[in-house]
Every structure is written in structure tokens, then in C-alpha cells.
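What follows is a set of notes on a single structure, which appears directly below.
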Amino acid sequence: MPNLSIIEAVNLALHSEMTRDKDVVMLGEDIGKNGGVFRATVGLLEKFGEERVIDTPLAENLVAAMAIGLSTQGLKPVAEIQFSGFLYPCVDQVVNHATRYRNRTRGRLSCPMVIRAPNGGGIHAPEHHSESLETTFTQMPGLRVVAPSNPARAYGLLLAAIRDPDPVIFLEPTRNYRLFKSAVEDNGEALPLDSCFIDREGSDVTLVSWGAMMHETRLAADKLAEEGISAEVIDVASLKPLDMDTILTSVAKTGRCVIVQEAPRAYGPASEIAANIAEHGLLSLFAPIMRVSGYDTVMPLAKSEKVYIPDVERVLKEVRKVFELAPKA
Amino acid sequence: MPNLSIIEAVNLALHSEMTRDKDVVMLGEDIGKNGGVFRATVGLLEKFGEERVIDTPLAENLVAAMAIGLSTQGLKPVAEIQFSGFLYPCVDQVVNHATRYRNRTRGRLSCPMVIRAPNGGGIHAPEHHSESLETTFTQMPGLRVVAPSNPARAYGLLLAAIRDPDPVIFLEPTRNYRLFKSAVEDNGEALPLDSCFIDREGSDVTLVSWGAMMHETRLAADKLAEEGISAEVIDVASLKPLDMDTILTSVAKTGRCVIVQEAPRAYGPASEIAANIAEHGLLSLFAPIMRVSGYDTVMPLAKSEKVYIPDVERVLKEVRKVFELAPKA
Amino acid sequence: MTQHDPKAASLVARYEVFFTQFLDPEGKLKAELPAFARDTEQLKKMYRVMVTTRLFDKKAVALQRTGQLGTYASCLGQEAIGTALGLSMQPDDVYIPAYREYAANFLRGVPMESILLYWGGNERGMKYPAGTPSWNDFPLSVPIATHIPHAIGVAYAFKLRKQPRVVVATCGDGATSKGDFYEAVSSAKIWNLPVVFVVSNNQWAISLHSSRQTGAQTFAQKGFAGGLPSEQVDGNDVIATRFVLERALERARKGEGPSLIEAVTYRLHDHTTADDARRYRGEDEVKAAWERCPIKRLKAYLEAQKLWTTAEEEALNAEGTATAEKAAQAFIATETEAPEAIFDSLYAKLPRQYEWQREEVRAAGPKGGH
Amino acid sequence: MTQHDPKAASLVARYEVFFTQFLDPEGKLKAELPAFARDTEQLKKMYRVMVTTRLFDKKAVALQRTGQLGTYASCLGQEAIGTALGLSMQPDDVYIPAYREYAANFLRGVPMESILLYWGGNERGMKYPAGTPSWNDFPLSVPIATHIPHAIGVAYAFKLRKQPRVVVATCGDGATSKGDFYEAVSSAKIWNLPVVFVVSNNQWAISLHSSRQTGAQTFAQKGFAGGLPSEQVDGNDVIATRFVLERALERARKGEGPSLIEAVTYRLHDHTTADDARRYRGEDEVKAAWERCPIKRLKAYLEAQKLWTTAEEEALNAEGTATAEKAAQAFIATETEAPEAIFDSLYAKLPRQYEWQREEVRAAGPKGGH
Ligand SMILES: Cc1ncc(C[n+]2csc(CCOP(=O)(O)OP(=O)(O)O)c2C)c(N)n1
Ligand SMILES: Cc1ncc(C[n+]2csc(CCOP(=O)(O)OP(=O)(O)O)c2C)c(N)n1
Ligand SMILES: [Mg+2]
Ligand SMILES: [Mg+2]
């Protein structure tokens, strides 16, 4: 089994599924000869030709709309948006059409499509290139929103997203694209789109995250282990639909929960998770549910992005608060 | 003091502020001769002329962008979007520019602008005319999101929104535009944009809502009163920034909280309120925090919209659950 | 226009907009008729479809006025465009409409009651009947212009699969102000896609007159922004409209690429039944527009040619009225869906996470419509 | 082109695109020079600005290559457009740029270090100096095309206040594919606004060649979609570019409305320092483009006219290099803002709800940049 980075795993999944299913087509800006600004589509043009690997004009709204049109004809478009900050022009098409054609035609038309984009900060990119867009999409009925955190999950979840009969927003962890490599088998096996992954078992506190922040969350768990605190780490992976069962089971066991997100705090994904725990898991809580998040500011430019993005220290700080309020027995 | 409906109060606020401040301009589709599809801008063209009351071409993205341009020049544009479902094309302009010009120029440029739109269902309108858009905007840093629930607040909050030096999304309760009339004094006094209103005092349970759903929430409180349950009703009014102090103070008193929203459940505004209570008010809770909401479905067409929109029964059902789990002493 | 110094400035490109009309408002012939229009049966068919559509429209407005239908967008005065569209498209083609050209929907197999169900707020309306050309068509699109770029994806799929199919996307004059319209127009020719864009310029976008919609002199010229063959046609002349449409569709089918057609017509009714046009336009304008009505002019021509009798006219009116009435009854007889149906077409399979919501709705039972 | 039956089809509108050039690539005059270009000082000034801008560009790329600057978008080969823009605008006009035409920013009072600070990831960069024309200008816009419709609002404000000011909005060839570009172009003439749209067609949008960007033969003709006087100019001929710009700005200032100019140029550098153009374009193409370089051609003309000496050239290079070096030092010497600054320009006054976040950041102290 080869060791791959996340971006390599994404590229492998695309090669793999385009080989398997001739209805899969790619579209987006600079995905052809250029292989995508992050090289996610490298080699696809050469292998599958320009009819199936479409360099689009510079118009994200068109990219989304074109994907919708293609998908209604039984093709399986995978659209790349260069940075999640440029997903905003797709919002109208996604919420008003992609998520609705099946419903408004009572099943006559449907949109089996994927929109992929790198998400989040940390690579010192220019303005508008480092946003965290989860919340923009998680609230849309009829949609799936996925955010993988390691190479194997990127591979398996992307296959699942492409094969899913409904639209999927696939948010990739920009700053972790090449952070580490791990084993990925090109076995063509998809992972479930409706379940969290228990990244690490533990008994004292449940740490919940997804995407790029899983890295800091894992590091925080390591640090806590050194201090004799056993953290259970959950990778949400699929934000919509949200698998609360796994999270609630864990919180029932630990009685403590800290949720880690990079998106701004207010009305962010962590709030949905916390609200569900407050409704269904209240009685098992020893302490308040803490959220670690980006701040309610515009994503700063490169020099200050570290001020914004939660680091391990910020995660540990909230965890410590939890144990101050509810010390380990 | 005249008794006005909410739509009349909106119209009065616009007349009032355009008279007071010649920098205030209106723009939008069919707001001139036609007076707006809901008649919110009736009489403005006649009184202030077509230079200050601008009928725009049919392009919401342009309406938002034009408002941004106008506002950077010190004008105070108030843009009308005909239905909140057509706010989606404004998202990119609002999040990438309106909320950022001040920040990215470190105060050199700014966007004192308002975008108004009727929000929510219940008037048997065609497809795409009945959505609840709060969450689309509440997550955007640098923005204010306001949702009045009665004529006096519509008047006072709209004045505040127009005078605010930063961009404001103003969501009006479509189905309550003409539901009832109450006293509104044209005193030119703005209401605060950062505070909830205690709509009704009570001691047993805190009911939190905003906009159109305040109506069902008030009716539910009436019903509960008959049953000897004293509900404190909070009108959030300003969703961003969110005044948790008022809500937490109430929950500290009642120990029970039910939040009522029309938007789809997942990742909705109620979750943010619940998450904050779970973090800061956990110890004062006698029972889980319940959320009453629309379902995680596309907003149905007219014949089925009642299936989607929470009614008094659904509010009462959740409140009763709370008292079953934590009976009144 | 700018005066250019011929030594410094050279001509790079020239674009011209032509306006085509065969039948003038009085029904007089301006040029020799195209082949299809020399066939009396075809002429009568076009006339019958227009009249029947108008009778449907009348019924729909009546249903709304009597509280039996929700907001409805009338096609009064625009019957020629829908008729020409329906008759120039092939069954395998795909129609991506806005909402007004009902005649095309009917000709492609949509039952009248489906249109009523949609405006009546019943999702069943857009589930067109299997086995008809409409099965592959897109639903009416209320959000203006955003459906148009879907035509790029659909047409691309046809090209990829080497199918001789054409996509026709229609919209109004107001829709041409949206970026969605332009992004489709600008890109269609990059891949030489088999798509025809049709702009029904009915002079009004609710209360905004077309002269205030854009700085462009015609809507046709917006096609030049994408290098498309673009032209204007008298949209109230069903013969001319069908003629230019068939020409554009044939080009597209032969692989010669996309085009844009501006069909000039007039919205004789209020924007919708929720609108009152008297607020923003004068009666004289509307009266004058009636003189250019598409039905009146074809009838005048048919009668002048002695191709149409009073008996035929009466039969057609009786038949059309009965058809519309039957559709109205079918519409009224159609039940609202079960409450839980709002979950059943949301995803191919409802995720388990939402099953409790569906169950709650099912258990609560019907809430009653309006 | 369609063959029209003259009896059925009448001509409604005609639009032509002209291409203007005074200096050919060899620096030969093609037509009599406009007044401003008969003034030697003006010619030398344009040359100096272009050369200085190129030296700045060289320095910026060097800073990035040595890890002292973030991703940077080079203006190599496009210096003429920015220079012509800066020299044809009035101080009170407003400039709404994309990101490449730095010469215009410099001429309007933006210090070179401000541009470096922006690409260096320091928000201070876009706070241009008070008292300069740039104070009212818009910041560089990384999100493609979405800044363009802001020009409609700004120009409308000028018109409302009866100020003789003009807005100039620039973008690239790729940007013309976005609806934002079109919505501005389509609407500008409705109110006859004082705005000039400038498309810097540098042949590439990252890896997409302009021939694949749209079906249109020219980018100029996209202006016809809004009824704008639209033309092409040799964007590597600073004289021609300034000439057509001044003409368009004068028209706008006189109340004669908006226009669109396509300036044809070439991006000699990679898209940005994060790009490697060899992946998608050949060396020959780039070599050929160097032959059309705007600096080379004006220099050739000046030398042919004996208006420029080697001494002057050396002095200019020395001076420009020093200026760029000084800017680099100023940039490097500029501190990152205090961490809590990320809250201080978010709202006019930070809502109390977010104060705890600001305090948390302030207390945590600097985290260090990259
Ligand atoms: C995106 C969007 N914005 C606004 C509306 C409200 N609206 C419905 S129809 C209409 C005017 C459409 O005019 P036009 O495109 O000319 O079509 P027509 O109704 O005249 O056939 C408007 C503004 C809408 N449905 N969608
Ligand atoms: C809305 C948006 N989409 C994508 C990008 C990524 N991107 C940056 S520059 C660029 C190409 C721009 O091409 P063009 O408009 O021709 O300007 P040029 O860079 O050639 O000057 C792209 C796709 C972006 N910055 N903004
Ligand atoms: Mg119209
Ligand atoms: Mg370019």
C-alpha cells in the first residue's frame, strides 16, 4: 500500500473513479493542462481527454450551473473550485437548483454531482483564499457536506461523494494537503457519507473536529495523554447529514466535550453539535460544552492568520477549563 | 399615535429617514412607480424623485454591488430584494466586499448600507418565495442581521439599521406584514441593534424567537398561561451580534428554554443560541434545551407549507417535553 | 459613435442585428412564406394551438380570481412564441424554460393540469408524464435566469455523447440583466454547443420597461458578447418565430453551434395575478399592443386566404374551452400530497438522520392547505 | 453568417470594433500623434513610469523568490496600461482595479511598499496615504470581477451629486466571463454613468488562453451587450492606450456616458509567483510577445527621434532600482500589526459581544507570521 498525501489521495480517487465510470467528468478552472492550482487533477487530461476534463471559463456560478446541467443527464460531474472563498458565487445555484431538482420534479430530474474545494487557511495565500465555508452549505436541505481529514478518508469519501446520487460539497483541508503521508489502498472502496469516525478512543473527554483542525485536535489529544487525560477524538468527516449518534455515545461515556472548528465562532458548525448534545445528551454532561473556533473576524491576511486559526494551545485551554469545572474523579 | 401594520411601519421608517437624511437612497426591483411588490416603498418616488429612488435592472448581485459602491461614497443605500429567496445572488458581494471594505482598507472605505427583504413562508407564494435566510448571513463576520417582529420594532430597528455605519441585513416577517396593527410613533428614534427584547416576563420557561415565528411563540405563551405556566418570551430581534446576556439571564431565572425558528433545523440560528446556553448557562438548566424549527427539507410549495412551518402545537409540544423532564416544583 | 482616424484605427469586427417578420400586424404577407407555412394544415395547427393556449390562460386566471389557484403568470399575447417553440423542437430535444411559454410545454406533452398544479402549490405539477418529450424537460423556473446556464451542461452532455439533440433555453427581457444569462451566452460557443437561447422580450419585467432594463438597443445584441449568431424576430408572428427557431435549431443539430433569438412580443396581462399593471403603464399602450396580437394576425391571414371558416372558429373555441375546463376539473380533483412527501424526493434515499422528522410529520397528519 | 431574405428581414442595429495603434512593435509611427504625445516631456514621463514600474516588479519577484514576500502577481509586459491609466485619470476620479496595473496605483500616490505589504500579507498595505488621489481608490481586488459592479454605485453617486468625476474599473480577460462584469456593463448606460471599463487582455487567465475564455471574437464587443461605445487598443502602445482612455474619460466627464476599452497586451511572467506557465504555454509564444513589449517600442521611437540618450537610460535605471530597493526596505521594516488589529476595522465600533475575543487575542500576544 502506497503512502500518499491528502492531495495525492484526492488525485488517486479521481483517476480511479474516472477509469471505473465513464460518466464521471471533471470541470473547473485550470484543471486541464495545468492540473489544478493544487495539482489535484494532474494527469487526468492526458489520460481521459479534454472532453471529460473540462477547463471552464472563469465563472464559478457557471461551473456550478454546468455541473447541474451535466448531472441531470446522468453524467457525474466533479467540479473543482480553486479556493473555498470562491464557492460563494456557487451558492445560488447549489441551494436553488442542485439541491432541488429532484424534489421539485418529484424524482424526475436529479443532480449527482460533487463540488470540491480546498478549505481553510494556513498557507499564507492571498486575500479571500483562506476562508472556512462549512456553514454556508451545511444549512442547505438536500445537500451533503463532507470534510476529510486524512489521505485514506479523502480517498474513500471522495469515491462515495462521486457515487452518491445527490449533490455533495467536498471541502478539502488546504494546509494539510501535503502535511503528512499515510497508507492508501486504491481498492475502489467508498467510505460511508453519514458517519463520524472515531479517530482515537478515550474515556475522559470527547474532542470533536473535522478537516484541517483534526491535526491540532490530534496533537492536543497527544498532549493530554501525557498529562494522563484520555481523550476520545472524533472526526466528524460528514457534516451533513450529521452523525450525532457516534458523538452522543462518546459524550455519554466521557461526560465532557470540546468541539474544534476553524470557521468563525458565531453560528458555526460546532454550535449545531453542541445544540444537539444540549438536547439529547444533557444529562450525561459533567461540564459545559466548549467550542474552540476561529474568531468572529474576517480571515486575516497571511501575517496574521496564525492569530485567527486555533492552535493546540487554544484547544488545550478549553479542555483545561472543562476539567477545572469537572475534575477527573 | 397611529396604529400601523409592520409593512406600514417599514414604509414610515423609510419616508421618515429619507426626509431627515438626504444621503439615504433606495434601490431595488420595482420599488419606484410600483412601490415594491409588498408596497414597502409606496410614495417614495413621488416624494423624493427617481434619482434617490432607483428602479434597478433585474440583477440582485448588481443591486448589492451597486449598494456597496454607493455606500463607499457616503450615501446610505437601502436595497430591497423582493423575497429573501433572491438574496442568495447577493451572498458573494455581501461576504466578500460589503463586510470587508472597512477591514481590508483599515477604515479608509466603509459600507453603511442596508439590504431589506421579506423572509419566510406562509403567504402561499410561488416556489423560492418562502425561504428563511437568517443562517446564510448570521455567520458572516462584519455584518449585522436584524429580524423585527412587530411594527414599532420594525420602525425603530430599520432606522437604526440605516444609521448604522456598517452593512445590515434586515429580514422582515412576510406573513406578518399585515397580520396586526399596533401603535407606532414617528419620533425618529432608533432602537438598539445589539439587544434582545423581553417581549413578556415570566418565570417558568424561556421562549426565544424572532421575526415571524414570534407570533406563534406569543400564542404558545398565552396558551401556557392558561395552563398556569408562566413563560418569559424573548424577541431576539438582532441575530448578529447576538445578545446572549438577556437570554442567559432569563434562563438563569427559568431553568428551561425552548427556541423557536422557521429556518430548517440543521445548523440553524437556534443551535447557536442553544450552544451558548450549553456553554454559559448549563448549570442553571433543569431540562434539555429544545429547538422548534422548520424541517430539514426544501421549503414546500403553498399546499404543504403548513406542514413545514412550526405552528403553536409544535411549540407547545416541545415546551411540554421540557416540563415532563423537569416538572414545575 | 466615435470618429476614428483611419490611419490609427482598423476595423476588427462588425455585428448586425436583423429583425424578421413575415406577417405584419394586419396579417399581410411581407415576403414569400417558408415551406412549412405553405402547408395549410400547419398554419391551422399553429392557429389552433395559440387559441387553445389562450383559452387555457383565461381559465387559469379565472381560477385564481375565484380563489382556486395561487399566483399565476399569464401568457396572454405571447402564445406565438410557445407555439413556435413547441413545433420547432424535436421530441429528444430538451426544453429549459422560464415560466410563460406554456404552449411549448403543452406541445411537448405536459397536461394543462400540471401547470395549474404547479401554480396551485402542488409539487406533483412538475412531475411531467413519462413517455412524453416533456419527461426530459426542466421544470418552470421561477428564479429568474438561473436556469439558463444549465443549458450549457445539458448541451455539453449531448455533444460528449454525440447525440443530435438540441437544448432550448428561454427567458424574458428582464432575465437578460442577470449574470447567469450572460455566463451561458458567453461560454456556449467555446465548445460550439447545440443550444438556442430565446429571449421573450415582452417589453416589461414586472414594472420595469425594457428600455430601462439595459443600455443595449436590442436584447439580440447581447448574444454578440458570446460571439453568437443573434437576431430579432417578431414574436407575435408565429410564422417568423418558427422560421428563425427552426433555422437556429437546425444549425445547432448539424454541429454549427449556438445562437440567440430575441422574440419581440408584449405582455398583455398583468405580470402575474398578484400584480396590477395599471400602477405603472397606460391603457393606450396596452390597447395599441392588442393590435399586434399574434392570434388576430394569423386569423386575418387565414381568413383573407379563405382557409378558415366561422364554423371552424366556433368549433375550435368550443373544443378549447372544454379542454381547459377538463384540465381545471382534473386540477381541482388532484389531492395534495401526503405531508411526509416533503421528505420523499429530497434525497434518492432519505438519510437516517432525518427519518424522525419524516415520522413526526407523518404522525401529525395533514395540516390542510390554504 | 445567416443569409437573410431582404423582404422578411430588416437591419436594426450595427456594431463595429476598431483597433487603435499609433506605435507599432518596432516603434514606427502609424499615424499622426495625438497632442499629448507631441510633447517630449510627456513621452519621457510615460517611458520613465513604465521602466520604474518594471524595476519595481523585478524587485517584488526577487523578494518573493527569496522568501521575503508572499504570492505576487507580476505586471511584466503590461506596464503601458497602468501608465496610461494613471496619466489619463484626474485626482478626483476613482480607480477600481483588479491587481496588475500597479503603475496606475503609483501615479495616484500609492507607495510601492503598500503593494508589497498587501502581497506580503499585511493589511496595512491597502490603507493608502491620506491626501493622495489613491485615498478614494478601491483596494486591489483578488476576487475576480466582483469589484467591477461597485463602479456602478460609485458613478451613480457622482451623477447624483453632479460631480464631474469618472470611475475607471479594470479587469482581465478572464474576468469578463463572470456575471459581475456583465451586470455592470449591461446597466451602466441605463443611467448614462461616468464610468470607463478597461479590460486588460493579456491573453491568459492563469492557464486558460483567451481564445478558450469565450466564444466572442474580441473582448471589446462584450460592451455591445450594454450598448457601450466599445473598442480595442494596442495595450502595449502606451500612446494609443492613453489616447483612447483620455477620449473615453472625457466623454464620461462631459456626461456622454460609459464606455469599454479592451487593451490587448501580454502577460510575460507566470500568472503569479505561485504559477509555472511552462506547464501550459510554449517558450516561442513568450519570445514572440517580448518583441511587442511596450517599453522596447517606446524606447525605439524615442531613440529614433533622438529624444533619449544612453546617459538618460542609465540614470533612469539607477534611479528606478534605488526607488524599488528603498520600497523593499520600507516594506521589510514595516511591522506586522498588533494581533488585536484583526478586530479594530471590522465594524466602526466593535460590538460588545466580540470584545472578549479581542481581549483574548490581545492577551495571547503575537503569534508570529510565516
Ligand atoms: C432571481 C429573481 N429575482 C426576482 C424575482 C421576482 N420576479 C419574478 S418575475 C420578475 C420579472 C421577470 O421579467 P422578465 O424576465 O422580463 O420575464 P417576464 O415575467 O416579463 O416574462 C421578477 C423581478 C425572481 N422571480 N427571481
Ligand atoms: C472569483 C475568483 N475565481 C478564481 C480566482 C483564482 N484566480 C486568480 S487570478 C485568476 C485568473 C484571472 O485572469 P484574468 O482575469 O485574465 O486576469 P490576469 O490574472 O490575467 O491579469 C484566477 C482564476 C479568483 N481570484 N477569484
Ligand atoms: Mg418581460
Ligand atoms: Mg488575463
### Chi angles and distances behind the side-chain hydrogen bond (donor to acceptor under 3.5 Å, both in side chains) call for B:R291, B:S271
CA-CA 8 Å; B:R291 290 168 294 152; B:S271 302; 2.9 Å; yes

Heavy-atom pairs under 4.5 Å with chain B are the metric here; pick the option from [options] that has the most.
| options | answer |
| --- | --- |
| D:D180, D:D344, D:I190, D:I342 | D:D180 |
| D:I152, D:L160, D:L350 | D:L160 |
| D:N136, D:I96, D:D137, D:V167 | D:D137 |
| D:Y156, D:Y118, D:W191 | D:Y156 |
| D:R352, D:H147, D:K349, D:R124 | D:R352 |
| D:F158, D:F138, D:F343, D:Y354 | D:F138 |

### Query
Between D:Y102 and D:Y72, does the ring centre distance come in under 6.0 Å?
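For D:Y102 and D:Y72, the ring centres are under 6.0 Å apart.
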
### Message
Using a strict threshold of under 4.0 Å (side-chain N to carboxylate O), is an ion pair present between B:K240 and B:E134?
### Response
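A salt bridge is absent here (no side-chain N lies under 4.0 Å from a carboxylate O).
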
### Task
State plainly whether the residues B:K253 and B:E232 are in salt-bridge range, i.e. N to O under 4.0 Å.
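Counted as a salt bridge, because a side-chain N and a carboxylate O are separated by less than 4.0 Å.
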
Counting only heavy atoms closer than 4.5 Å, note whether [X] contacts chain B via side chain, backbone, both or neither.
| X | answer |
| --- | --- |
| D:L140 | backbone |
| D:S186 | neither |
| D:Q353 | side chain |
| D:S134 | backbone |

Quick one: list whatever passes side chain to side chain donor-acceptor pair (under 3.5 Å) with [X], sequence neighbours left out.
| X | result |
| --- | --- |
| B:R102 | B:D166 |
| B:D23 | none |
| B:S16 | B:R20, B:D186 |

Judged by modelled atom types alone, do [X] and [Y] share a side-chain donor-acceptor pair under 3.5 Å?
| X | Y | answer |
| --- | --- | --- |
| D:S177 | D:Q213 | yes |
| D:Q163 | D:D92 | no |
| B:E272 | B:N276 | yes |
| B:Q82 | B:D30 | yes |
| D:R251 | D:S259 | yes |

Would you mind checking which part of [X] comes under 4.5 Å of any heavy atom in chain D, side chain (CB onward), backbone (N, CA, C, O), both or neither?
| X | answer |
| --- | --- |
| B:T72 | side chain |
| B:L143 | backbone |
| B:L75 | both |
| B:I68 | side chain |
| B:L27 | neither |

### Message
Under a 3.5 Å distance rule, please check whether B:T99 uses its side chain to pair with a backbone N or O of B:G142 as donor and acceptor.
### Response
no

Hey, which of [options] has the most heavy atom pairs under 4.5 Å with chain D?
| options | answer |
| --- | --- |
| B:M66, B:H97, B:R108, B:Q73 | B:R108 |
| B:P241, B:G107, B:P165, B:S71 | B:P241 |
| B:D92, B:D243, B:D164 | B:D243 |

### Task
Can you check whether anything in residues 48-56 of chain B gets within less than 4.5 Å of chain D, heavy-atom wise, and list it by number?
B:E50, B:E51, B:R52, B:I54, B:D55, B:T56

#### Entry: Exercise: identify the closest heavy-atom pair between D:Y95 and D:E101
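Looks like OH-CB, 3.3 Å.
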
### Residue pair B:N103 / D:L346: nearest heavy atoms and the distance that separates them
OD1-N, 4.1 Å

